[in-house]
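The structure appears below as structure tokens.
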Amino acid sequence: MFESFAARSRALAIALGCAIFGVQRPAQAYRPFDATDASVAERGALELELGPGGYLHSGHRSYYAPTEVLNLGIWNRWELVLQGRELVPGQMAGASSRVSLVDTGVFVKHVFREGSLQGNSGISIASEFGVLLPTIQDERGVGFSDGLIFSEQIPALSLHLNVEGGRTPAGNADVFLSLIAEGPKAWPARPVAEFFFDREFDVHTEFSTLVGFIAPLSERVTLDGGSRLATLDGALVFEGRAGLTWAIPVWH
């Protein structure tokens, strides 16, 4: 029992360290999306969502934008989510620009209705809530988010609806809505898409469309990629994403 507890403690410490210091994970999200689905990592499993192929262009600035997310199955139907993202300015950004660590947070996700994603019938329903942490070279405050996720899966199509509200680290109310569509799970590389609306009150409104693919290589490793085009208060934003999800058993 002591060895089991020690193994769990080590796994949690590693996950926390990666999230806080931005060391290479998946997105409070399900790669390559901004939102997620109504499923969690299996108990004792660590899912690393690594996005080393991230590129972001907004306005006149371009960034190398890798992402790291860790999903740890802490109990049956419960998952701990830790996330972070670096923004590394391109050469045209100017010498005064610095590397930023953004989108940092700690979340808990719980599946309270097991449905089609878990091999049963009907809609899978989950909740995800947590704390948005202070960032480096960006927002200094602490925020929170709370959301519901609804997923339905049939052989030809999977749909995931995310409804989320909260408070940003800057102290503004925020509303986020997302719809994810996935092609057939049986395909070696299935097409995917995401449409989302994000409103940070008194700050900005964003509409976004992503198209991409998910390609499982094995039971534990999945590759993904996608391109996202968005309008942020009328300005165009382009983002390229490429990465993988790697499931690692930590304890039984």
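Ser151 contributes a side-chain N or O that, together with a main-chain N or O of Ala38, makes up a donor-acceptor pair within less than 3.5 Å. Between the Ser62 side chain and the Gly90 main chain, no donor and acceptor come within less than 3.5 Å of each other. Within the 3.5 Å criterion, the main-chain N or O of Gly226 finds no donor-acceptor partner in the side chain of Glu239. Arg241 places a side-chain N or O within donor-acceptor distance of the main-chain N or O of Pro32, the cut-off being under 3.5 Å. Within the 3.5 Å criterion, the main-chain N or O of Gly105 finds no donor-acceptor partner in the side chain of Gln83. Of the possible polar contacts, one joining the Arg167 side chain to the Val142 backbone as a donor-acceptor pair under 3.5 Å is found. Remark: side-chain polar atoms of Asn76 are not paired, donor with acceptor, to backbone N or O of Arg43 under 3.5 angstrom. Within the 3.5 Å criterion, the main-chain N or O of Pro52 finds a donor-acceptor partner in the side chain of Tyr64. The closest donor-acceptor contact from the side chain of Ser124 to the backbone of Ser116 lies under 3.5 Å. No donor-acceptor pair under 3.5 Å is formed between the side chain of Ser227 and the backbone N or O of Val211.
For the atom pair Ser178 OG and Asn162 CG, the distance stands at 5.0 Å (nearest 0.5 Å). The line from CD1 of Ile125 to CD of Glu152 is 10.0 Å long, rounded to the nearest 0.5 Å. For the atom pair CG (Leu177) and CG (Leu161), the distance works out to 7.5 Å, reported to the nearest 0.5 Å.
A salt bridge is absent between Lys109 and Glu47: the closest approach of a Lys/Arg side-chain nitrogen to an acidic carboxylate oxygen does not fall below 4.0 angstrom.
The hydrophobic clustering, which links ILVMFWY residues whose side-chain heavy atoms are closer than 4.5 Å, places Val108 and Val40 apart. Following chains of ILVMFWY side-chain contacts shorter than 4.5 Å, one can reach Leu72 starting from Ile248, so the two form part of one hydrophobic cluster. Hydrophobic clustering, with ILVMFWY side chains joined whenever heavy atoms are under 4.5 angstrom apart, keeps Trp78 apart from Val111.
Annotation: side chain of Glu194 is not in contact with side chain of Tyr30 (no heavy-atom distance under 4.5 Å). Considering only heavy atoms from C-beta on, Leu46 comes within 4.5 Å of Leu48 through its side chain. Looking at Gln118 and Arg77, their side chains never come closer than 4.5 Å, going by heavy atoms from C-beta outward.
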